[in-house]
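Have a look at the structure below, then the notes.
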Amino acid sequence: MKIRRVSVRAVPAVAAAAALAVVTLVPQQAQAAPGPLVPAAALAGLTALTAAGSYYDEGTGRLVVNVLGRDAEEIVRAAGALPRRARFSQARLDATRRVLDDRAAIPGTAWVTDPRVNRVVVTADSTVKGERLARLNEVTSKLGDTVTVRRIGTRLTRMIAGGDAIRGGSARCSLGFNVVKDGQPYLLTAGHCGNVVANWSAEKGGPVVATTQTSVFPGHDYSLAKYVPGVEHPSAVTLNGRQTQPITHAAPAYNGESVRRSGSTTGVRGGRVTGVDATVNYQEGQVTGLIETTVCAEPGDSGGPLFDGDAAIGLTSGGSGDCKAPGAKTYYQPVPGALAATGAAIG
């Protein structure tokens, strides 16, 4: 069994993290592209009080870092990145998120720190009304300009339906990535899929190709299923037609990254990462640490792969909107975290 995969243009190479996670650095890609290398050590002088996130600016091909103060500006310039003066520090925005976590975990809402606007962006869907809306308004009004609320007319939901399709009972999801654990082949997909399916088939009513071993949702959203003997499981995904592209590694997402997603309902779609470490309050419970993107998705795309070049980035969790109109937002379980939690590796 394979999953769809598509190549995308690589972006500048930089290291994976900076001090106190106040700066998200662009990870190294397989192909060269314009832009400076920004090693993590070069930004180690930044703290949660002097910086507030970063993002990749495709127009300049540079990493933009939000800073507070001249000393922080000098550190960023010396590292080869572009400093941008911000109003709120990462520490202040993190405090805002803690208040939201404690007081506004309302089904139908989501939030993420957006470095482009230097605020926590809260999304509230069409189910948030009445007492729920009053509660959200009360909490966010007390947070001042550190937060902005975005209303959407569609529901924020999981993308499950009744990469390549995988099926179990009445559920249809999408295969994420083929992985290896203890020398044995497995597949990764969404946890809300694994929660309701014990045995997976490649077609409705077909033979079992994998059995769910681990499934986590809510909290996070990943599931690990073990292939039965004799099932093809290349570390590759299917492109249009019979072409395939190898997957060589997993990588963390970064703001501004150009990514694509594949799903059994809508095929291959593209967009950009608009946030990392997002929180989504589904009807079933809260999920944290997600990737937010502008890529559209629809029911049945759940569990499908989010990728950049040959890097596995995320597993489709849920979102709002669809692929028929602009304005969709989707959320993904980061693959590195799912691999670490399950003890699996791309392969």
Side-chain angles (χ1 to χ4, degrees), residues 2-17 21 24-31 33 54-56 58 63 112 159 163-164 173-179 187-191 220-224 235-239 244-263 266-278 280 287-297 301-319 328-342 344-347:
K2 303 173 184 176
I3 49 180
R4 298 190 190 117
R5 187 76 159 84
V6 65
S7 297
V8 293
R9 185 181 64 83
V11 293
V14 298
T24 302
L25 298 177
V26 185
Q28 186 172 354
Q29 300 296 318
Q31 299 172 340
S54 65
Y55 58 94
Y56 172 70
E58 186 180 27
L63 182 72
V112 67
M159 294 296 179
D164 290 352
C173 288
S174 298
L175 194 159
F177 296 97
N178 287 327
V179 298
L187 66 86
L188 275 178
T189 189
H220 298 289
D221 197 359
Y222 59 84
S223 178
L224 186 70
S235 184
V237 293
T238 305
L239 306 179
T244 61
Q245 165 109 29
I247 302 170
T248 63
H249 65 290
Y254 58 88
N255 280 293
E257 183 175 12
S258 179
V259 290
R260 293 193 182 184
R261 172 201 58 73
S262 179
T266 59
V268 176
R269 304 284 175 152
R272 292 197 175 280
V273 173
T274 52
V276 295
D277 194 26
V280 177
V287 180
T288 62
L290 298 178
I291 303 162
E292 181 190 75
T293 81
T294 60
V295 187
C296 69
D301 289 330
S302 275
L306 182 74
F307 48 86
D308 179 356
D310 57 0
I313 304 296
L315 304 167
T316 307
S317 176
K329 284 284 186 181
T330 45
Y331 299 90
Y332 301 82
Q333 163 69 45
V335 170
L339 294 175
T342 59
I346 295 294

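Below, all heavy atoms of this structure are taken into account, side chains as well, without hydrogens, waters or symmetry copies.
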I need the D301 CG to T316 OG1 distance, nearest 0.5 Å. 6.5 Å

Hey, what do you get for CD1 (I313) to OH (Y254), rounding to the nearest 0.5 Å? 8.0 Å

At what distance, to the nearest 0.5 angstrom, does CD1 of I247 lie from CD1 of I346? 6.0 Å

Report yes or no: does R261 contribute a side-chain atom to a donor-acceptor pair with the main-chain N or O of C296 at less than 3.5 Å? yes

Return the OG1 to CG distance between T293 and N255, rounded to the nearest 0.5 Å. 11.5 Å

Measure the spacing between CD of E257 and CG of L306 and express it to the nearest 0.5 Å. 7.5 Å

Indicate the atoms forming the closest heavy-atom contact of I291 with A253, along with that distance. CD1-CB, 3.7 Å

Ignoring hydrogens and geometry, is there a side-chain-to-backbone donor-acceptor pair from T189 to S174 under 3.5 Å? yes

Any heavy-atom pair between the side chains of L224 and V179 that's under 4.5 Å? yes

Considering all heavy atoms, the nearest S54-L63 contact: OG-CD1, 3.9 Å

Using the side-chain contact (heavy atoms from CB on, under 4.5 Å) rule, take S317 and V280 through it: C-alpha gap first, then chi angles, then the decisive distance, then the call. CA-CA 10 Å; S317 176; V280 177; over 6 Å; no

From R272 atom CZ to T294 atom OG1, the distance as rounded to the nearest 0.5 Å: 8.0 Å

Working note: S262 + F307, criterion side-chain contact (heavy atoms from CB on, under 4.5 Å); need CA distance, chi angles, decisive distance, verdict. CA-CA 9 Å; S262 179; F307 48 86; 4.1 Å; yes

Considering only heavy atoms from C-beta outward, does the side chain of Y55 approach that of V273 to under 4.5 Å? no

Closest non-hydrogen atom pair, D310 against H249: OD1-CE1, 3.1 Å

Side-chain donor-acceptor contacts of residues 331-341 below 3.5 Å, not counting sequence neighbours, with atom names and distances?
unit_1, atom_1, unit_2, atom_2, d
Y331, OH, E292, OE2, 3.1
Y332, OH, T330, OG1, 2.9
Q333, OE1, D221, N, 3.0

